[in-house]
J.: 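Have a look at the structure that comes next, please.
FYI, side chains are in, hydrogens and waters are out, and symmetry mates aren't considered; it's all heavy atoms of this structure. Just so we're on the same page: letters track the sequence lines, and every chain starts at 1. None of these values were measured; they are calculated from a predicted model.
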There are 2 protein chains.
Amino acid sequence: MEPAIKYRLIKKEKHTGARLGELITPHGTFPTPMFMPVGTQASVKSLAPEELDAMGAGVILSNTYHLWLRPGEQIVKEAGGLHKFMNWHKGILTDSGGFQVFSLAKNRDITEEGVHFKNHLNGSKMFLSPEKAIQIENDLGPDIMMSLDECPPFFESYDYVRHSVARTSRWAERGLKVHQHPDYQGLFGIVQGAGFKDLREQSAKDLVSMDFPGYSIGGLSVGESKAEMNHVLDFTTPLLPENKPRYLMGVGSADALIDGAIRGVDMFDCVLPTRIARNGTCMTSHGRLVVKNAAYAHDFSPIDDNCDCYTCRNFSRAYVRHLIKADETFGLRLTSYHNLYFLLNLMKQVRQAIQDDNLLEFRQNFFEMYGFNQKNPKNF
Amino acid sequence: MEPAIKYRLIKKEKHTGARLGELITPHGTFPTPMFMPVGTQASVKSLAPEELDAMGAGVILSNTYHLWLRPGEQIVKEAGGLHKFMNWHKGILTDSGGFQVFSLAKNRDITEEGVHFKNHLNGSKMFLSPEKAIQIENDLGPDIMMSLDECPPFFESYDYVRHSVARTSRWAERGLKVHQHPDYQGLFGIVQGAGFKDLREQSAKDLVSMDFPGYSIGGLSVGESKAEMNHVLDFTTPLLPENKPRYLMGVGSADALIDGAIRGVDMFDCVLPTRIARNGTCMTSHGRLVVKNAAYAHDFSPIDDNCDCYTCRNFSRAYVRHLIKADETFGLRLTSYHNLYFLLNLMKQVRQAIQDDNLLEFRQNFFEMYGFNQKNPKNF
């Protein structure tokens, strides 16, 4: 059987671990490294599918936990799957729901069998097992699915993480067994292990032996510093097979995308660009700009003078500021559009830099313009 | 001097008072009768200018009171006017701010000079006079402006309305005197008089003698029945000159648009389509549909099977319901788009019916399909 998704390595950058490639899915091929916009509830905040397509998003992410709760995976299945339901006909990736159960749900009880919890919407008792996660994802019908994993905090004890990694491997195997559509849905295993090198090695070894069509790197961007994250990537990506895609979960700041690509990561996702857009924070080539600030009330220049997105071509900081201050949803639409465009465009530049073997130079120029040294890296 | 806006009468319908025409403004010409989408705060809820253009909106409305308060008319003026500020390059009409002062503001005190009040945003004391309204509208720069009027409740006493009408006439004259740009902004007078025929006559006579380029009919859709509104229109539109446009303020239900057109109204506006869109109520050819209802959870048909709008061509009731239930702003965008398209398309059909001299037949068919007889006219 042909795998549902295939990674094609086009070229390695000369001076880093970065790689140019493409991911071939049942719903089209997209170039990597790629940032994937997040549409938690089968909608990327305020944006239309055509707009995501126009800005170059070849793949988006949606959340299993949220869709399981509402509208329920059966309705999505009846609709003909997530692609038809939301009228998006390029790639879709879903997470396993595990991260949301750990971060949003209440009265959580993790057992070998799975996770008992009360959902955050109405408090009713639910149970998520590796098999249930796969069943939901099979019903939702994304091109790429995630195994259920446990994502412990970065600074948990070695013993806790060791046991957790072993269970995540057992859960991955259980999920693999019940997966119904390996011919058109690619299931990824998720490498865990926090900051412990030997545990990351064990996790990668376990999962690679199961021969997943792709591997995720989980348990990062959960409290550790950027330096720590990069350090973990330094020793984790080399553990993964070169002919499979690598997906760094939940990471979406501009610096982390560049630094992840340098370490051989192919795919990223994060709610950051749309979440900060909601209060008027914009990513620009000069760093973040809080357009709601009074300083921009009379500023008729675009959000980013180096940006050619719909928002920047048509509207001023003063207008966007007015909309956000006045709680007009069109403001959120304009800032969300801009931020997603910014990251997708950044990845385009990163791919070009890999092509040109000058990714480190690109990084330095970008960081300087972005004002990295002058700012708190947390706000980068 | 050429007036800023001109009405061209194309044809009168044979069996009613309806007329086909066009309004020529400094920002393009639009056909009448026309429904004007409302963009209270310089944004039509969640929609982009290109979308409004594509659905055939040749003119939109914005609110003087809201823009005066936020961002302030000076910022809009600095931006180069409302058209540039919001990137909308077709017609714009602004109200005078009077209606909002009467409906939203607090501690209102009406004097001959103007209205003292506290604004609804931060409670600070403000003063709106006929001259101030014109100054703000001159700064905002719409194609069509409104004189400051008083809009009393429909069932006020005869004496109150008589004095109010006389003051509205004096205010109209004061506004006319200070209007700075009659060459590119057309100022309308507003006919008041509640349900009293002789007061409507007096009001129309006063205003027509001032030779405005257009006339609004105010004080309707403020508590009276549809029958009463139609009755007032029956005797009011004939009081207005045939070579000037007539604008019925704040009316936007499908039945009232048809009945208004039948009585010779050329322009309508209302927040209704976008306001009800927010809680998932859709206007359809079969009447209103509350897409949030559980009945539509598994319904994969479009909102209106007779509609070819973006929403109906691409998304199902089940998906739109999910978005509205999940508080996704894209849901509001889809319902707003649909409702505005529905009314703009309705007016297109009304214009065709005038052309074909079968407006009464069109009305009857539409009302039957809409289920008027089976429903509460309030929910029509």
J.: Relative to chain B, which segment of Phe85(A) carries a heavy atom at a distance below 4.5 Å: side chain, backbone, both, or neither?
T.: both
J.: Please state whether the rings of Tyr319(B) and His322(B) are parallel, tilted or perpendicular, taking 30° and 60° as the class boundaries.
T.: tilted
J.: Can you tell me which of Gly80(B), Ala79(B), Gly331(B) forms the most heavy-atom pairs within a distance under 4.5 Å of chain A?
T.: Ala79(B)
J.: Start with the C-alpha distance between Glu51(A) and Arg333(B), add both sets of side-chain angles, then the distance that settles salt bridge (Lys or Arg N to Asp or Glu O under 4.0 Å), and finish with yes or no.
T.: CA-CA 13 Å; Glu51(A) 289 164 338; Arg333(B) 192 176 150 185; 2.9 Å; yes
J.: Closest approach of Thr94(B) and Pro142(B), non-hydrogen atoms and distance?
T.: OG1-CG, 3.1 Å
J.: Could you tell me which portion of Leu323(A) (side chain, backbone, both or neither) has an atom closer than 4.5 angstrom to a non-hydrogen atom of chain B?
T.: side chain
J.: Step by step, would you call Lys132(B) with Glu137(B) a salt bridge (Lys or Arg N to Asp or Glu O under 4.0 Å)?
T.: CA-CA 9 Å; Lys132(B) 179 67 188 172; Glu137(B) 294 186 272; over 6 Å; no
J.: What part of Leu332(A) gets within 4.5 angstrom of chain B, counting heavy atoms only: side chain, backbone, both, or neither?
T.: side chain
J.: Kindly say whether Tyr310(A) contributes a backbone atom to a donor-acceptor pair with the side chain of Asn314(A) at under 3.5 angstrom?
T.: yes
J.: In terms of heavy-atom pairs under 4.5 Å, which option from Pro71(A), Gly72(A), Ala297(A), Ser316(A) contacts chain B the most?
T.: Pro71(A)
J.: Spell out, as yes or no, whether a donor-acceptor pair under 3.5 Å connects the side chain of Asn293(A) to the backbone of Tyr296(A).
T.: no
J.: Look at His66(B), Gln74(B), Glu328(B) and state which one has the largest set of heavy-atom pairs under 4.5 Å with chain A.
T.: Glu328(B)
J.: Looking only at heavy atoms and a cut-off of under 4.5 Å, which of Pro49(B), Ala318(B), Ala48(B) has the most pairs with chain A?
T.: Ala48(B)
J.: What part of Phe315(B) is in contact with chain A, defined as an atom under 4.5 angstrom from a non-hydrogen atom: side chain, backbone, both or neither?
T.: side chain
